[in-house]
Amino acid sequence: MKPLTRFFALAGFALALASCQMFTPPDVQESGFQPSDKPITVDNVVANAKLADMAKAQHPRILATYGGEYSDPKLERMVAKVVGNLTVVSANPTQTYRITILNSPNVNAFALPGGYLYVTRGLLALANDSSELAAVIAHEMGHVTANHGLQRQQLEAEEGLATKVVSDVLGDSPTAKAALIRGKLRLAQFSRNQELQADAIGIKSIGEAGYDPYAAGRFLQSMSAYTDFRSVSGATDASLDFLATHPNTPQRIELAQRLARNFGPPGVGTRDRDAFLAGIDGLLYGDTPEEGYVRGQTFLHPGLGVSFSVPDGFVIDNSAAAVTATGPGDIAIRFDGVAIDKSVSLTDYIRSGWVAGLEDSSVRQETVNGNEAAMAHASAQGWQFDIAVIRAGGQVYRLLTAAPSASSALEPVARSVSGSFRTLSAAEKAALKPLHIRVVTVQPGQTMGTLAAQMVGVDRKLDLFRVLNAMSPGATVSAGDKVKIVTDR
């Protein structure tokens, strides 16, 4: 079990409070998340209503998971143009496609039966021209036209039934485990075959639509570079990224390039780069103001008016699940908020039963940077935990730190993190601005280094500049080129 997973399970949290939904009213219903009232569609025919209804039922859950819909008319028009060009040459031109741009920094795109297609703003920020976006959308349209969603559902249902039978009959025997592993491998192989089929359908579509067919292989390489960058820098929730469900291998890239050669040598087809860059200029990058911002080793939330920092070597992940941080020695930190009546003392709250393995004698009342607080220690199953509960601005926040029982670093790390918690001044809150993708034209004398130095709010600026602009370490820029940078202006 991963340290964070075990940490959360042992702590016995009564509430799972996401960073972006820290104080969401409990009575929010899924009916409140409706498909866009201005969807990007290719026609008005509702085809295959049963499949569309299935997808519609999942639509609110997807919006809730990926931060809702990202609204930008300029961007929507650009995406609509690409979809329209692809629909004309698709295997099923009567299929209605509803495209939703998701307000998520994760790099992802996926499809549901019935023609529901999704692309995140994070993916749009990584792409560099219309042909690359077309390759992604055509791949997902390929899943729809090939009915992969239905095939996948059927196989998973059959595999689930088989799993239950194996478990009921054989229990936890090695034979049962081997059977379950074989089942998972069959699902994985099925998925790979689907992906390769969707690649073939998608590349054929973009080539026939007049786009650069080599864009598919090119964007696969960009996602590979993004993955490498993320593995060093830390990232948003990896389970929500494209490569978590879309296998990315050198063989797959080679296959994409081979399929592209059916349309001619590199250089064939249009990239439509200028129109794409105009569409994404100003695109929100990274966290939203509602989720708070990660700036280096510090998390700041302008809406809640609070901030805390983690030690060097730790990486903060402001994901859809929570604000967490991981560091050396399997040490994990979680930050969230909880609703507590003002009449309840923080020490009584700690003792109220939500912490497993609580050492009652360790519960104590303290003050953190002028804010009422309570601290405690807990231990269970090879892990030790530090609990800090702080009341600030009418809300209560929890900073929970976990470390292996043998670790001597829990106390100094926990005290550093909880001691850094503070409320933000009005000026500090006003100064916090979201980051955006800006498209700039390279001026004479500018280099990759000087352009990357203009970026703000991000780490490893030069590496990120190369990833966003699909440039190798040895690449150069020329006056007049258009490139993407990240800035708060």
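Here, residue 1 is the first one in the sequence, and each next residue gets the next number.
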Candidate pair Tyr70 and Leu283, rule side-chain contact (heavy atoms from CB on, under 4.5 Å), full reasoning = CA-CA 10 Å; Tyr70 184 76; Leu283 177 70; 3.5 Å; yes
Which is it for His301 and Phe308 under the ring-ring contact (aromatic ring centres under 6.0 Å, His included) test, yes or no, and what are the steps along the way?
-> CA-CA 9 Å; His301 200 300; Phe308 71 92; over 10 Å; no
Can you list the steps and then say if Val119 with Ile137 is a side-chain contact (heavy atoms from CB on, under 4.5 Å)?
-> CA-CA 8 Å; Val119 60; Ile137 292 176; 5.5 Å; no
Could you go step by step and tell me if Tyr116 and Ile62 meet the side-chain contact (heavy atoms from CB on, under 4.5 Å) rule?
-> CA-CA 11 Å; Tyr116 277 67; Ile62 291 173; over 6 Å; no
Full working for side-chain contact (heavy atoms from CB on, under 4.5 Å) between Gln443 and Thr441 | CA-CA 6 Å; Gln443 302 301 311; Thr441 301; 4.1 Å; yes
What do the steps show when you test Asp72 against Arg121 for salt bridge (charged side-chain N to carboxylate O under 4.0 Å, His left out), and what is the final call?
-> CA-CA 10 Å; Asp72 179 342; Arg121 59 176 170 83; over 6 Å; no
Show me, pair by pair, the donor-acceptor contacts under 3.5 angstrom made by side chains of residues 466-476, not counting sequence neighbours?
from, atom 1, to, atom 2, distance (Å)
Asn469, OD1, Lys484, N, 2.8
Asn469, ND2, Phe465, O, 2.9
Asn469, ND2, Lys484, O, 3.0

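For the pair Ser71 and Glu76, the minimum side-chain heavy-atom distance is below 4.5 Å. Considering only heavy atoms from C-beta on, Leu75 comes within 4.5 Å of Ile280 through its side chain. With contacts defined as side-chain heavy-atom distances shorter than 4.5 Å, the pair His139/Asp199 qualifies. Put simply, the side chain of Pro266 does not reach to within 4.5 Å of the side chain of Asp212, judged on heavy atoms. In this structure, the side chains of Val483 and Val440 come closer than 4.5 Å at one or more pairs of heavy atoms. The shortest side-chain heavy-atom distance between Gln221 and Gln257 falls under the 4.5 Å cut-off.
Inspection of the Thr270 and Asp272 side chains reveals no N or O donor paired with an N or O acceptor under 3.5 Å.
Between Val477 and Gln446, the shortest heavy-atom contact is CG2-O, 3.8 Å. The minimum heavy-atom distance between Ile203 and Phe263, with the atom names listed, is O-CE1, 3.7 Å.
The aromatic rings of Phe335 and Phe299 sit tilted relative to each other, their planes meeting at an angle between 30° and 60°.
Here salt bridge (charged side-chain N to carboxylate O under 4.0 Å, His left out) pairs that include residues 428-453, with residues two or more places apart or in two chains, are Arg422-Glu428. Sorted by first and then second residue, the pairs that involve residues 415-451 and meet ring pair (Phe, Tyr, Trp, His ring centres under 6.0 Å), not counting sequence neighbours, are Tyr397-Phe421.
Atom CE in Met78 sits 5.5 Å away from atom CG in Leu133 (nearest 0.5 Å). Interatomic distance, Asp274 CG to Asp129 CG, rounded to the nearest 0.5 Å: 10.0 Å. The distance from the OG atom of Ser222 to the CG atom of Leu123 is 10.0 Å, given to the nearest 0.5 Å. How far CG of Leu124 is from OH of Tyr285: 13.0 Å, rounded to the nearest 0.5 Å. For the atom pair CD of Gln454 and CD1 of Ile485, the computed distance is 5.0 Å after rounding to the nearest 0.5 Å. Note that the CE atom of Met455 and the CG atom of Leu462 stand 8.0 Å from one another [nearest 0.5 Å].
Judged by the 6.0 Å and 45° rule, Arg295 forms a cation-pi pair with Tyr293.
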